[in-house]
Amino acid sequence: MDFSDLNARGLVLVGCGRMGGALLDGWLKNGLAARAVHVVDPNPRAELSDLGISVNGKLPAAPAVLVIAVKPQMMADVLPRLSVGAGTLVISVAAGVTLAAYEAAFPAAPIVRAMPNTPAAIGQGITAVIGNARAGEAEMALAEALLSAVGRVVRLEGEDQMDAVTALSGSGPAYVFHMIEAMAAAGEAEGLSAALALDLARATVAGAGALAVHEDADPARLREAVTSPGGTTAAGLKELMDPKAGLPPLMRRTIAAAAARGRELGK
Ligand SMILES: NC(=O)C1=CN([C@@H]2O[C@H](COP(=O)(O)OP(=O)(O)OC[C@H]3O[C@@H](n4cnc5c(N)ncnc54)[C@H](OP(=O)(O)O)[C@@H]3O)[C@@H](O)[C@H]2O)C=CC1
Ligand SMILES: O=C(O)[C@@H]1CCC=N1
């Protein structure tokens with residue numbers, strides 16, 4: 001992406017923790033100038049100032065972009081302290097908090113709600129975006145270009161999809177990391193050392209994920225290609241795919257609980 005307008009007018013990042021920090025790392029790697037970045041965070045990473053980023057300093061009156069990456073619970077404290085006009089694109093990555101809440105704080109501004117995920121830290125995130133009425137094609141394109149620096153971007157049809165997206169792809173990396181933990185623990189229970197079990201589980205999830213993207217095939221077909229009739233995989237999948245006690249109902253409950261929490265955070 002061409003960062004020249006951002007480098008001239010500035011980007012303000014409020015909240016530079018795990019998600020804000022991952023996004024910032026991606027943007028800096030892709031051409032955002034450190035001198036154009038203004039971070040607001042009570043406990044900023046030490047290296048931000050060393051890079052030449054302004055930390056908790058005076059903010060530009062009309063930055064090109066204001067990115068909000070604080071926890072939803074902090075929003076009531078944070079939003080009243082910020083002020084931008086029609087010329088600044090506001091992008092928030094917070095779960096749950098609605099466009100209407102940002103519109104109350106920034107009535108003139110174009111606003112985009114975005115839901116990234118932490119693989120953004122290595123350029124492999126996926127981010128869903130939805131804009132308010134003031135976010136026209138130019139602002140949506142700017143948000144998409146910025147977020148494309150850290151992975152793929154999909155545009156949603158309506159804000160009502162955002163809690164489900166958050167529950168699936170925003171929180172999803174944690175489910176996959178837990179699957180690695182659970183596979184490793186099960187391998188250990190079958191007699192493998194902890195180190196070997198973790199190595200095998202991690203490489204298997206990474207390889208299967210890469211194959212799923214590379215082949216772009218129906219994942220059911222990839223599963224079937226592993227499953228020899230009467231073999232070991234079929235025996236394992238009989239447990240995992242059990243419609244009552246297996247992964248499908250468990251994943252249904254998992255994503256429903258996360259989406260319900262998103263809806264609560266938005267109230
Ligand atoms: N982590 C994830 O995988 C994802 C997170 N998100 C969203 O990103 C947002 C941030 O989450 P995450 O990065 O995980 O959380 P973190 O706690 O890692 O980051 C939030 C940062 O905001 C700082 N902060 C606290 N109060 C203020 C304030 N008043 N002004 C400025 N900064 C402040 C925190 O500092 P301190 O730690 O000192 O309180 C922290 O550095 C959330 O809204 C979450 O919903 C979205 C997608 C994925
Ligand atoms: O757990 C959370 O609330 C945030 C949103 C998606 C991922 N982390």
Side-chain angles (χ1 to χ4, degrees), residues 16-26 28-30 43 45-47 69 71 93 95 115-128 147 149-152 154 164-259 261-262:
C16 190
R18 288 164 301 180
M19 199 62 249
L23 292 170
L24 179 60
D25 290 345
L28 292 172
K29 269 186 222 144
N30 278 275
N43 296 297
R45 283 154 35 188
E47 75 268 19
K71 290 205 181 300
V93 301
M115 182 46 56
N117 60 14
T118 53
I122 55 163
Q124 302 221 22
I126 183 148
T127 304
L147 293 158
V150 291
R152 283 183 51 213
V154 293
V165 166
T166 302
L168 200 165
S169 58
S171 301
Y175 313 151
V176 176
F177 300 139
H178 187 56
M179 183 156 153
I180 294 174
E181 294 177 86
M183 285 173 72
E188 237 185 297
E190 287 297 321
L192 301 177
S193 72
L196 177 58
L198 182 58
D199 193 16
L200 293 173
R202 189 160 36 200
T204 300
V205 170
L211 186 64
V213 174
H214 177 75
E215 298 267 312
D216 200 18
D218 177 359
R221 273 192 33 224
L222 295 173
R223 166 171 53 75
E224 282 155 16
V226 185
T227 313
S228 310
T232 60
T233 315
L237 286 177
K238 188 162 178 290
E239 297 296 327
L240 191 70
M241 295 178 71
D242 186 279
K244 288 217 170 66
L247 188 60
L250 179 60
M251 192 53 79
R252 177 75 186 93
R253 291 203 306 279
T254 300
I255 291 190
R261 181 62 185 144

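Below, all heavy atoms of this structure are taken into account, side chains as well, without hydrogens, waters or symmetry copies. If you read the sequence from its start, that first residue is 1, and numbering goes on from there.
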Check your understanding: Does Glu47 CD have over 12 foreign heavy atoms under 6.0 Å away?
Key -> yes
### Query
With no hydrogens and no angle check, is any side-chain donor or acceptor of Thr233 less than 3.5 Å from a backbone partner on Val226?
yes
In short, Ala149 meets Asn30 closest at the heavy-atom pair O-ND2, 3.4 Å
Rounded to the nearest 0.5 angstrom, the CG-OH distance for Leu250 and Tyr175 is 10.5 Å
Here the pair of heavy atoms bringing Ala258 nearest to Ala167 is CB-CB, 3.5 Å
*Does Ala121 offer a backbone N or O that forms a donor-acceptor pair with the side chain of Asp25 under 3.5 Å?*
no
Nearest heavy-atom approach of Ile126 to Ser169 is CG2-CB, 4.0 Å
Next on the checklist: Counting neighbours of CZ on Arg152 that are heavy atoms of other residues, nucleotides or ligands and sit closer than 6.0 Å, is the number greater than 12?
Outcome noted: no
d(Asn117 CG, Met19 CE) to nearest 0.5 Å is 6.5 Å
- Item | Pairwise side-chain contact, Leu24 with Cys16, heavy-atom cut-off 4.5 Å (strictly under) | yes
Separation between CZ (Arg252) and OG1 (Thr254), nearest 0.5 Å, reads 10.5 Å
Closest heavy-atom pair, Pro249 versus Pro243, reported as atoms and distance to 0.1 Å, is CG-O, 3.3 Å
When rounded to the nearest 0.5 Å, the distance separating CG of Leu168 from CE of Met251 is 8.5 Å
Between Ala197 and Leu192 the two heavy atoms that sit nearest each other are CB-CB, 4.2 Å
Output for pair (Leu211 CG, Leu222 CG), nearest 0.5 Å, gives 5.0 Å
To the nearest 0.5 Å, atom CD1 of Ile180 lies from atom CG of Leu200 at 12.0 Å
When every non-hydrogen atom of Val93 is compared with those of Met115, the smallest separation belongs to O-CE, 3.4 Å
